[in-house]
Amino acid sequence: MSIAPSLGGAPPLLPDGALVRAFLAGDARAFGELYERHCRWVAGLVFRLCGHDRDLDDVLQETFVEAMRGLPRLRSPDDFRPWLGAIAVRRVRRRFRSQSRFKAWLG
């Protein structure tokens, strides 16, 4: 019985930092990989913060758009996931703030 890795298996996963650097160098597919890798985690975080899923898709999309635009300012590409989580938390807070202002405006 051999425990050696097979040659036909899936390619090894690149670390987040390598994908961030690849995206910044012009490889648009790298951001798609980051999205696929972290989409469910961000969705779970947003759901736990909101307590419902009616805003989930919007916050998820806004989070990844903001992340894509902000990647050139990310100081440590290896810290992509915590940085992405912070963006999601800010997006949820903004949504709650705007909803409470709207409710106050309605009276």
Side-chain angles (χ1 to χ4, degrees):
M1 177 179 200
S2 172
I3 56 171
S6 68
L7 296 176
L13 292 176
L14 290 174
D16 288 348
L19 290 171
V20 168
R21 287 185 279 280
F23 175 75
L24 293 174
D27 182 359
R29 292 176 299 165
F31 193 81
E33 176 65 30
L34 288 166
Y35 175 84
E36 290 296 323
R37 186 176 290 181
H38 297 289
C39 179
R40 289 178 57 106
W41 177 77
V42 173
L45 175 63
V46 170
F47 182 80
R48 284 188 303 278
L49 292 170
C50 290
H52 57 77
D53 63 353
R54 71 177 161 254
D55 296 324
L56 184 98
D57 289 336
D58 290 341
V59 173
L60 189 63
Q61 181 178 6
E62 292 165 2
T63 298
F64 278 96
V65 168
E66 184 175 334
M68 185 169 39
R69 290 179 179 159
L71 272 179
R73 295 185 305 277
L74 178 60
R75 292 181 188 169
S76 175
D78 295 321
D79 292 334
F80 177 77
R81 186 175 178 129
W83 177 74
L84 184 65
I87 292 171
V89 169
R90 279 196 312 272
R91 285 283 165 190
V92 169
R93 285 182 180 162
R94 285 180 195 156
R95 187 160 293 264
F96 280 142
R97 228 181 352 245
S98 67
Q99 287 175 355
S100 64
R101 285 182 188 153
F102 182 70
K103 288 177 185 176
W105 181 74
L106 288 176

J.: So does D16 pair up with R81, basic N to acidic O under 4.0 Å?
T.: no

J.: If you look at every heavy atom in D78 and G17, which pair is closest and at what distance?
T.: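 For D78 and G17, the tightest heavy-atom pair comes out as OD1-CA, 3.2 Å.
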
J.: Starting at CG of L45, measure out to SG of C50 and round the result to the nearest 0.5 Å.
T.: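 One finds 9.0 Å between CG of L45 and SG of C50.
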
J.: Salt bridge (charged side-chain N to carboxylate O under 4.0 Å, His left out) for R21 and D27? Distances and angles first, verdict last.
T.: CA-CA 9 Å; R21 287 185 279 280; D27 182 359; over 6 Å; no

J.: Can you give me the closest heavy-atom contact between V92 and V59, atom names plus distance?
T.: CG2-CG1, 3.9 Å

J.: I'd like to know if E62 and R95 make a salt bridge, using a cut-off of under 4.0 Å between side-chain N and carboxylate O.
T.: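 Yes, charged N to carboxylate O under 4.0 Å.
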
J.: Membership question, hydrophobic clusters at under 4.5 Å side-chain separation (ILVMFWY): are V65 and L74 in the same one?
T.: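 No; tracing contacts between hydrophobic side chains, which count when under 4.5 Å, never links both residues.
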
J.: Supply the atom-to-atom distance L19 CG to L24 CG, rounded to the nearest 0.5 angstrom.
T.: 11.0 Å

J.: side-chain contact (heavy atoms from CB on, under 4.5 Å) between M68 and F23: does it pass, once the steps are laid out?
T.: CA-CA 9 Å; M68 185 169 39; F23 175 75; 3.5 Å; yes

J.: Answer yes or no: is there a side-chain heavy-atom contact under 4.5 Å between L71 and W83?
T.: yes

J.: Under a 4.5 Å cut-off applied to non-hydrogen side-chain atoms, are R91 and R94 in contact?
T.: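 Yes. Closest side-chain heavy atoms under 4.5 Å.
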
J.: Determine the minimum heavy-atom distance between L84 and A67, stating which atoms define it.
T.: CD1-CB, 3.7 Å

J.: If I compare all heavy atoms of V42 with all of A88, which pair ends up nearest, and what's the gap?
T.: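 Nearest heavy atoms, V42 then A88: CG1-CB, 4.0 Å.
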
J.: Would you please classify the geometry between the F31 ring and the F64 ring as parallel, tilted or perpendicular, with 30° and 60° separating the classes?
T.: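 Ring orientation, 0 to 90° scale: perpendicular.
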
J.: About how many Å separate CZ of F47 and CG of L56, when rounded to the nearest 0.5 Å?
T.: 8.0 Å

J.: So, for A18 and L14, which heavy atoms are closest and what is the spacing to 0.1 Å?
T.: CB-CB, 4.3 Å

J.: Please check if atom CZ in R90 has more than 12 non-hydrogen atoms from other residues, nucleotides or ligands closer than 6.0 Å.
T.: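 Check passes, neighbour count above 12.
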
